[in-house]
Amino acid sequence: MEAMDQLLASCHNRALNLYLESFLLTIEDLLQSDNPDLKILASQSFNRFANIEEDVPQYHRRYKFFVESFSQICHSSHNNPDVRTRLRLAGLKGIQGVIRKTCSEELADSIWIEDRMNLIMPSLLFNMQDVRPLGDRRTPDFDSESQQNDPSTIAESCLCEIFKRTPFNCEEILLKPLLAHLDNHSLWTPSDFAMYIFERIMCTVPVHLTYRVIAILMGHLEASRKKPAQIRIEINNVLTRAISIATGDGAGGPSVLMIVDGLLKQLQNFTSAKFKSVPEEDIAFKDGIITTLASFSKACPDFQKTDILTFIVERIPVEKENDKGLQRVLLEAVAKVAEHYKTVQLHSIFKNDLVAEKLTYGLLSPDIATRLLAHQVLHSLLDRHGNVDRVKKVSLILEDPSLNFASPGRSDIMFFRKYGKELLETCYSSMTLELNMKCIEFVYTTFALMILEISCEETAVDFVHCIISFQDLAISTTDMDAKMQSMIHSITICLLSLLSLSLKIEKLKTYTREVAAIRNRLCPELLPLAASTLKSVPENIPTECLLSRQEIAGIFKLIGWESAHMQLADAAPPVRNFGKDPIGAAAADLGGVILDIESPSASPQTVKRSPSTDISFKTFKNILSESIESRRDAKRERWNEMAAFYRTATFAEMMERQESVRQKRTPGVPIFEFEQKHRLEPFEPSLSPEQLGSYAIKFPELLMS
């Protein structure tokens, strides 16, 4: 064999092809022997052959036998430890030679097929199981002499080389036997070994293929849904690490929503499982999935965080009663993702109306836990200036220099007009549902953050309306718990104090202090400190202890806010429930519509016309209350009358009808230029009827009948 190796090294390229077949047959014979030294010699000779570059590819050459033989040697269980180590090294180096030889010749026999990888991958993993401790994350020096005699190092080097050379769309062929080996040998628990393997894979595979590895790993997690929860938890831990490496390299790209969708499917599987009582391990698995989702979104840029938030919120069910568990879990995921999102523009929170609708349904859910999660989401999204920790507890803030007050821009005011009123009214509606102290605190925090972020002259009236509505609710609801009533009264004075600080209106600050002082003297139960320990509320609350709409309207008038004064002086508008009756909300909204009919500045050549019918709130109300059947019948009747007229009327009657319609036009409105230019003149024949043909005779009565 030594002579054949020397002959191989001395052959020229022209004569090499004639000699290689005999050389490979000899290696096959050596691999079939029982002598360990001959097998080791065969591996060394094959590596020398693999390092030779051939000019002409050999289409007929197959390496299946060598893959099978070297894989078998990798699993050697020889009694002598030194011989066993040498045999395993020989098998690993033989596999390494096969990989290099086949990858360097594109037209040669391919190893990127399932049969080959089912032999290669288990052989590599079998020798890597005695891997270094988990804390040692340094890449081994594969070229050092000490590492060349370590089977685990050679196996790791071979694994990295395989994934580095992986062609596109062959990732599943490599990972399928790898995952099967981890399953069959129970290597997921603990996940140290699996974690290390996938760290090496993610650091080696080309960046543009990392999302494929993550997709396959998520598919394996999906396929393992019937396995014990501990195994699924460890697989998810490995997935979390793989995702963090991929996003750290900026490899999320277009696969972001694909990864999020895969994680959401796991949450859906968790909620669809039928548990009499959910095991702690399954709860830990659910929490692990949500943590993975949060860590993944944290590594994404802000615009992708917005897409992730929108994507998750749109998946929240709102109609089916049996989907309450999924609704709660998805809101929990949104809350975790929102913690890592920093809002810059408020209008970016809701990319579409569907997102606002889903969160509104969450705020109005009968389930208290779901409502708290929806409020928690809004706390993270609304807080742009780091105030949420200062307003988490209900407290009367008369002065606080640590609060950061925002100056709302035009986009913030537009956001409030579109979504802010709905959020305020939804907060009010949620106070009419089943309550506890936590619910009231979360409503207070949401309301306070909106005041700190969007309060200005244009929005102050709506805030005051809602604050007074809270007070009216506490007074009018007789069956409410005493603590709840007292807490609602206390948040009204606290919110008004925050509003006065945000608007910087000294008279409103003074009024708030006066009411607080009166409450402290006459009725301390209406302040936050006493509300938490209260057992009963006085039946007759003194009027001076309550907030007065007229007093606040007068303050607005004194500072020159005439519009706010006029709106606030009127009775409070009915509070709408957008989550329950959107049609009724739309109908109620029509009362404030301002119509601008045919502005002369927009059409300078025309005269402003008044509408033919009186357009008012009653008109729109009649339209909304009118049934579809009656509208359809009236339209059909008008159509029948018009059709009957044109079937039976004479031409002269038709002309009279047209002329009457023309006369109804408002004087001063010019006829269109096109009509003036192309008006048809009456036919006046220059020839006598005898000279005209039959084609010139007009029969209007006959033709139109």
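FYI, the numbering just counts along the sequence from 1. Computed over heavy atoms, backbone and side chain alike; hydrogens, waters and symmetry mates excluded.
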For S365 and Y361, indicate whether the former's side chain and the latter's backbone hold a donor-acceptor pair under 3.5 Å. no
I73 side chain reached by L31 side chain, heavy atoms, under 4.5 Å: yes
Between K342 and D302 (salt bridge meaning N to carboxylate O under 4.0 Å), is one present in this structure? no
When you look at CD of E114, are more than 12 heavy atoms from neighbouring residues, nucleotides or ligands closer to it than 6.0 Å? no
Neighbour count above 12 (heavy atom, 6.0 Å) for K286 NZ: yes
Minimum heavy-atom separation for S224 to I235, with atom names? OG-CD1, 3.9 Å
Hey, does V329 have a side-chain heavy atom less than 4.5 Å from the side chain of Q268? no
Show the numbers, then the answer: is there a side chain to side chain contact (heavy atoms under 4.5 Å, CB included) between L309 and L381? CA-CA 10 Å; L309 283 170; L381 297 178; 4.0 Å; yes
Report the C-alpha separation of E68 and Q72 in whole Å, then their side-chain angles, then the decisive distance to 0.1 Å, and conclude whether the side chain to side chain donor-acceptor pair (under 3.5 Å) test is met. CA-CA 6 Å; E68 294 174 350; Q72 184 179 3; over 6 Å; no
For the pair R165 and E161, find out whether any cationic side-chain nitrogen is under 4.0 Å from an anionic carboxylate oxygen. yes
Would you indicate whether the side-chain heavy atoms of L378 and L363 approach each other to under 4.5 Å? yes
Thinking salt bridges, do K265 and E222 make one under a 4.0 Å N-O criterion? no
Let's go through L159 and T204 carefully: what are the C-alpha distance in whole Å and the side-chain angles of both, what is the deciding distance for side chain to side chain contact (heavy atoms under 4.5 Å, CB included) to 0.1 Å, and is it a yes or a no? CA-CA 9 Å; L159 182 74; T204 306; over 6 Å; no
Given N127 and S152, is the side chain to side chain contact (heavy atoms under 4.5 Å, CB included) satisfied, shown in steps? CA-CA 5 Å; N127 286 277; S152 64; 5.7 Å; no
Working to the nearest 0.5 Å, report the span between SG of C158 and CD1 of I95. 6.0 Å
Determine the minimum heavy-atom distance between V260 and F296, stating which atoms define it. CG2-CE2, 3.8 Å
Donor-acceptor pairs under 3.5 angstrom involving side-chain atoms of residues 167-177: please list them, not counting sequence neighbours.
from: E171; atom 1: OE1; to: N169; atom 2: N; distance (Å): 3.3
from: E171; atom 1: OE1; to: R212; atom 2: NE; distance (Å): 3.4
from: E171; atom 1: OE2; to: N169; atom 2: N; distance (Å): 3.4

Do any N or O atoms from the side chain of K358 and from the backbone of I316 form a donor-acceptor pair under 3.5 angstrom? yes
Under a 4.0 Å threshold between the charged nitrogen and the carboxylate oxygen, would R86 count as salt-bridged to D82? no
Quick check: do M195 and D192 have side-chain heavy atoms less than 4.5 Å from each other? no
Do K64 and D115 sit within salt-bridge range, that is, some charged N less than 4.0 Å from a carboxylate O? no
Does the side chain of E28 pick up a donor-acceptor pair with the side chain of Q32 at under 3.5 Å? no
Atom pair CZ/CG of F198 and L217 - distance to nearest 0.5 Å: 4.5 Å
Within the 4.5 Å heavy-atom criterion, are F311 and L264 side-chain neighbours or not? yes
Starting at CG of L221, measure out to CD1 of I231 and round the result to the nearest 0.5 Å. 11.5 Å
For S186 and L182, indicate whether the former's side chain and the latter's backbone hold a donor-acceptor pair under 3.5 Å. no
Compare every heavy atom of V67 with every heavy atom of S71, then report the nearest pair and how far apart it is. OG-O, 2.7 Å
Are the side chains of N237 and T292 in touch, meaning some heavy atoms are under 4.5 Å apart? no
Donor-acceptor side-chain pairing of S33 and N35 below 3.5 angstrom: no
Using side chain to side chain contact (heavy atoms under 4.5 Å, CB included), reason through T291 and T240 one step at a time and then give a plain yes or no. CA-CA 8 Å; T291 303; T240 304; 5.9 Å; no
Closest non-hydrogen contact found for A374 with L359 is CB-O, 4.2 Å
Tested for side chain to side chain donor-acceptor pair (under 3.5 Å) against H379, the lone hit among T445, N387, T446 is T446
Is it the case that the side chains of N47 and Q96 hold a donor-acceptor pair, with the cut-off being a distance below 3.5 Å and no angle test? no
Please tell me if the side chains of Q44 and M1 come closer than 4.5 Å, counting only heavy atoms from C-beta onward. no
Under a 3.5 Å threshold, yes or no: a donor from one side chain and an acceptor from the other, between Y341 and S380? no
Has the side chain of R88 got a donor or acceptor atom that lies under 3.5 Å from a matching backbone atom of S76? yes
What's the separation between atom CD in Q266 and atom CG in D261, rounded to the nearest 0.5 Å? 10.5 Å
Side-chain contact test, heavy atoms from C-beta onward, threshold under 4.5 Å: evaluate it for L263 versus L239 and give yes or no. yes
Donor-acceptor pair between S45 and D5 side chains, under 3.5 angstrom: yes
Has the side chain of H185 got a donor or acceptor atom that lies under 3.5 Å from a matching backbone atom of L187? no
Rounded to the nearest 0.5 Å, how far apart are OG of S123 and CE of M128? 13.0 Å
Heavy atoms of A90 and F70 approach each other most closely as O-CD2, 4.4 Å
Would the F126 and H181 ring centres measure less than 6.0 Å apart? no
K305 (side chain) donor-acceptor with V337 (main chain) under 3.5 angstrom: no
What distance do I162 atom CD1 and L124 atom CG have between them, rounded to the nearest 0.5 Å? 5.0 Å
Note: D183-K227 ion pair, threshold 4.0 Å (strictly below): yes
Determine whether more than 12 heavy atoms belonging to other residues, nucleotides or ligands lie under 6.0 Å from atom NZ of K226. no
Using the rule side chain to side chain donor-acceptor pair (under 3.5 Å), only one of N404, D412, T343 pairs with R384; which is it? D412
Would you check if the side chain of N184 reaches a backbone N or O of A180 as a donor-acceptor pair within less than 3.5 Å? yes
Would you kindly say whether S411 and Q345 are connected by a side-chain donor-acceptor distance under 3.5 Å? yes
Using the ring centroid of each side chain, check whether F49 and F46 are separated by less than 6.0 Å. yes
Taking all atoms of both residues into account, what is the closest heavy-atom pair of A246 and M202, and its distance? CB-CE, 3.8 Å
With a 3.5 Å distance limit and no angle check, can you tell me whether S69 reaches the backbone of F66 through a side-chain donor-acceptor pair? no
